[in-house]
Amino acid sequence: NAGVTQTPKFRILKIGQSMTLQCTQDMNHNYMYWYRQDPGMGLKLIYYSVGAGITDKGEVPNGYNVSRSTTEDFPLRLELAAPSQTSVYFCASRTVTGYNGNQPQHFGDGTRLSIL
Amino acid sequence: QKEVEQNSGPLSVPEGAIASLNCTYSDRGSQSFFWYRQYSGKSPELIMSIYSNGDKEDGRFTAQLNKASQYVSLLIRDSQPSDSATYLCAVRKTGGYNKLIFGAGTRLAVHP
């Protein structure tokens, strides 16, 4: 019963490096989301996807890219890492059954990323 | 004005007391409201959801919603030290694909 799985759990990057944060869910959820959480702050939506092949920007998309080639996977790409991207990144997913707005999001354990 | 506002706390209550957490939101058309609990260094976990005006009870937790006043609250009865965490209020934004707007969270500390 894995749910939402994120890898890696921790990573340190140098400025200018690139990396991909992986997110996989095994619940056959159509909707998936990427958030970042800075210390003492709430979650900010980076990108979201309503199904394979469909993605859209959230509140803070600059510096990130996503793709959704399968229902299960929703990777987040950082192309040129900057210190401002130091944060904890959470992936979430939800089903679309029932009334669309009432289904909760299920979160992965997060990836703690430091850019030095 | 922030879309979802919470008092950052910390809210300190003695063990066994009622903890009251409040949240206000700006989008009058919002329909779905969620409370998540987040322990330090962990991911958010859903505690309660509420969609209609009034109270919704689940064990020691009660969510209260007042759409006219645009606030939602969470009451925790018989607070335990294990309830010490940050509580995030999330509001589903109208017109979006269930995009949630999160408040910054209220840190609750329950002391023995």
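Quick note on labels: first sequence line is chain A, next is B, and so on, each numbered from 1.
- Atom CG in B:L88 sits 6.5 Å away from atom CD in A:Q37 (nearest 0.5 Å).
- Checking side-chain atoms of B:R107 against main-chain N and O of A:G40 turns up no donor-acceptor pair under 3.5 Å.
- The hydrophobic clustering, which links ILVMFWY residues whose side-chain heavy atoms are closer than 4.5 Å, places A:V88 and A:M41 apart.
- The other residues sharing a hydrophobic cluster with B:M48 are B:V4, B:L11, B:V13, B:L21, B:Y25, B:F33, B:W35, B:I47, B:I50, B:F61, B:L65, B:V72, B:L74, B:I76, B:Y87, B:V91, B:I101, B:L108, B:V110, where clustering joins ILVMFWY side chains under 4.5 Å apart.
- Neither the backbone nor the side chain of B:Q6 comes within less than 4.5 Å of any heavy atom of chain A.
- Taken together through direct or relayed side-chain contacts under 4.5 Å among Ile, Leu, Val, Met, Phe, Trp and Tyr, A:Y89 and A:I115 form part of one hydrophobic cluster.
- For the atom pair CD of A:Q105 and OH of B:Y36, the computed distance is 5.5 Å after rounding to the nearest 0.5 Å.
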Review item, side-chain donor-acceptor pairs of residues 8-21 of chain A, under 3.5 Å, at least two apart:
residue : atom : partner : partner atom : Å
A:Q17   : OE1  : A:K14   : N            : 2.8
A:S18   : OG   : A:R77   : NH2          : 3.2
A:T20   : OG1  : A:R77   : NH1          : 2.9

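- When every heavy atom of B:K42 is checked against every heavy atom of A:F90, the shortest pair comes out as O-CZ, 3.7 Å.
- The side-chain heavy atoms of B:L100 and A:L45, taken from C-beta on, include no pair separated by under 4.5 Å.
- Around the NZ atom of A:K44, the shell of radius 6.0 Å holds no more than 12 heavy atoms that belong to other residues, nucleotides or ligands.
- A side-chain donor-acceptor contact under 3.5 Å links B:S43 to the backbone of A:G108.
- No continuous path of hydrophobic side-chain contacts links B:Y51 to B:Y71 [ILVMFWY only; heavy atoms under 4.5 Å].
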